[in-house]
There are 2 protein chains.
Amino acid sequence: MNLSEFRAHYEPLIQQELAEQIQMLSIPASLKESMHYSLQAGGKRIRPILLLAVLHELGQDHPDALKVAASIEMIHTYSLIHDDLPSMDNDDLRRGMPTNHKVFGEAVAILAGDALLTYSFGVLARLNHVSSDDKVRLIDLLSVAAGAEGMVGGQVLDIEGEEKKLSLEELEQVHRLKTGALLTYSILAGAILGNAQPEEMVALVKFGEHIGLAFQIQDDILDVTGTSQELGKTAGKDESSAKSTYPGLLTLPKAKEKLDFHANEALQAVSVLGGKTSLLEELTALIVKRKS
Amino acid sequence: MNLSEFRAHYEPLIQQELAEQIQMLSIPASLKESMHYSLQAGGKRIRPILLLAVLHELGQDHPDALKVAASIEMIHTYSLIHDDLPSMDNDDLRRGMPTNHKVFGEAVAILAGDALLTYSFGVLARLNHVSSDDKVRLIDLLSVAAGAEGMVGGQVLDIEGEEKKLSLEELEQVHRLKTGALLTYSILAGAILGNAQPEEMVALVKFGEHIGLAFQIQDDILDVTGTSQELGKTAGKDESSAKSTYPGLLTLPKAKEKLDFHANEALQAVSVLGGKTSLLEELTALIVKRKS
């Protein structure tokens, strides 16, 4: 199965799993609609696909894989809802649709984010086919990746970075935390469900770190080279806000070189897994070549 | 040990545990300060004290009790930070001090809340003296109590209730979710750490539900009868905002009757525990008689 086939197979299943997880909640209608709206707004589902691809490359299948994948997408989606708020990035468009607070108001948007974050831990705690030890491992890793020492900390650095010129090192630290931590967690979660050996785990973490940086560099490049229509969000926003970016710090050609460097490092990392890596290689190419 | 002595003993320990849990994080300074600010702003620590009191009444001690207590206070504190935001209750004062967003700005306040919520699950996952099975149980119960089917759902109902007159039944549902769920979880967490028997668990849950409602009725009564100085927040806010409250729906004397009813039910529930309930009885009295 190549990556297109793999995604065509799994994306509807991820969508369905997310819809079912929300549908089963007995909660106020506005809250349910708000959670559902942002989860179903689509996007590339890169984190769930990464988890499922790692599991596949390890030659494993797992009856709870879609639930774990859904729990990661909930965390990612909550972070987008909160990042888009007026007091943060103040974005009106996300994935080509009005942002959550534009549709449901700020209060419900904040609470929908809180609810998705909280629920994702509950989904992990209630998995049916994972030992308590492994549930605790997943929850521990997720709380670090998504929390103050990971994604939330990265968002704080990102906001503070808007007011000053960051060094390349500082910019990388923002991205490692803001985007990289949850991408790497997605890979680790797949490795845990797939009973990866320690050396496979190390290779996969290295892979995750490099594609995380590649992902963000491409994000910055797209903000310069893409159109709002392609991106489904406002293009050129970084430059108009004088935000530190890879193209801004390095020039566009040098940023593209750095993108290639991290893509190559990612490919080299997974090459030790012994050939069963075609999906991860294609995913790397997808991240580098994506237009949105 | 009576309740005053119990609180005098434990409150500094809870304070210290919270400070240590935040201190050990390697995170941006503004985020750390913001999390620390609201955790240290004091308050009655009713949830941690409930957990510790239940454990004590069960004749048990537990080396991780303070950590679990701290994780609950983190959830409670995150909910206060988010509830106080301009798009929610828009409060400038909390516990007599400027609210988090007044000091750190809305963006950091939202993220500090997100970080505290996320961290609380991590603290539970990393307990040293609790089995993985019990960690999963605590995390499962917490995610329900704090999430869309609990506290967050209650906050949505509370906001939506501001725009219409609620029935008494609807008002109780708001409070069961918004305040009651986390209070009951605090009690359950103590019961789990204290290896409570099934019949003790049932009695304690019933106790929790009644003191939860008593707590909220007293909150509504204090908003009518208290001063801003006593409360450490703006008094008379419910009436000026035409919010549904117990005194508003029932009259003040009837609200006080209802408060007594739930306090008596709470006392009756714990009476089956067989005498080891003086702290829980005193806690009930404290909730009924508190001035803030």
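Below, each value reflects all heavy atoms present in this structure, side chains not excepted, and no hydrogens, waters or symmetry copies. Everything numeric here is computed off the predicted structure, so don't read it as measured data. In what follows, chains carry the letters A, B, and so on, assigned in the order in which the sequence lines appear, proteins first and then strands, with residues in each chain numbered from 1.
Residue contact with chain B, scored on non-hydrogen atoms closer than 4.5 Å, involves the side chain of A:Leu85 exclusively. For A:Leu117, the part lying near chain B is the side chain, with the backbone staying farther off; criterion is any non-hydrogen pair under 4.5 Å. With a threshold of 4.5 angstrom between heavy atoms, B:Leu124 does not approach chain A through any atom at all. With a 4.5 angstrom heavy-atom cutoff, B:Tyr119 does not touch chain A via any of its atoms.
A:Val136 and B:Ala125 get closest at one heavy-atom pair: CG1-O, 3.3 Å. B:Ala148 and A:Ala115 make their closest contact through CB-CB, 3.9 Å (heavy atoms, listed as atom of the first residue, atom of the second, distance). Here the closest non-hydrogen pair linking B:Val152 and A:Leu111 is CG1-O, 3.4 Å. For B:Gly153 against A:Leu31, the heavy-atom pair with the smallest separation is CA-CD2, 4.0 Å. In terms of heavy-atom proximity, A:Ala107 sits nearest to B:Ser87 at CB-O, 3.4 Å.
The most heavy-atom pairs under 4.5 Å with chain A, out of B:Gln155, B:Glu160, B:His82, B:Met151, come from B:His82. Between chain B and the options A:Ile75, A:Ile159, A:Ile139, A:Val123, the largest number of non-hydrogen pairs under 4.5 Å is found for A:Ile139. With respect to chain B, the highest number of heavy-atom pairs below 4.5 Å among A:Asp134, A:Leu157, A:Val156 belongs to A:Val156. Interface check for chain A: of the options B:Pro28, B:Ala109, B:Gly122, the most heavy-atom pairs under 4.5 Å are formed by B:Pro28.
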Report the C-alpha separation of A:Lys135 and B:Ser132 in whole Å, then their side-chain angles, then the decisive distance to 0.1 Å, and conclude whether the side chain to side chain contact (heavy atoms under 4.5 Å, CB included) test is met.
CA-CA 8 Å; A:Lys135 287 180 186 178; B:Ser132 291; over 6 Å; no
Please assess A:Thr118 against B:Phe121 for the test side chain to side chain contact (heavy atoms under 4.5 Å, CB included), listing each intermediate value before the final yes or no.
CA-CA 9 Å; A:Thr118 311; B:Phe121 288 103; 4.0 Å; yes
Check step by step if side chain to side chain contact (heavy atoms under 4.5 Å, CB included) holds for A:Val144 and B:Arg126.
CA-CA 11 Å; A:Val144 174; B:Arg126 291 185 288 276; 3.6 Å; yes
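In this structure, A:Glu149 contributes its side chain and B:Ser26 its backbone to a donor-acceptor pair below 3.5 Å.
Taking CG of B:Asp83 as the start and CG of A:Asp114 as the end, the distance is 9.0 Å to the nearest 0.5 Å.
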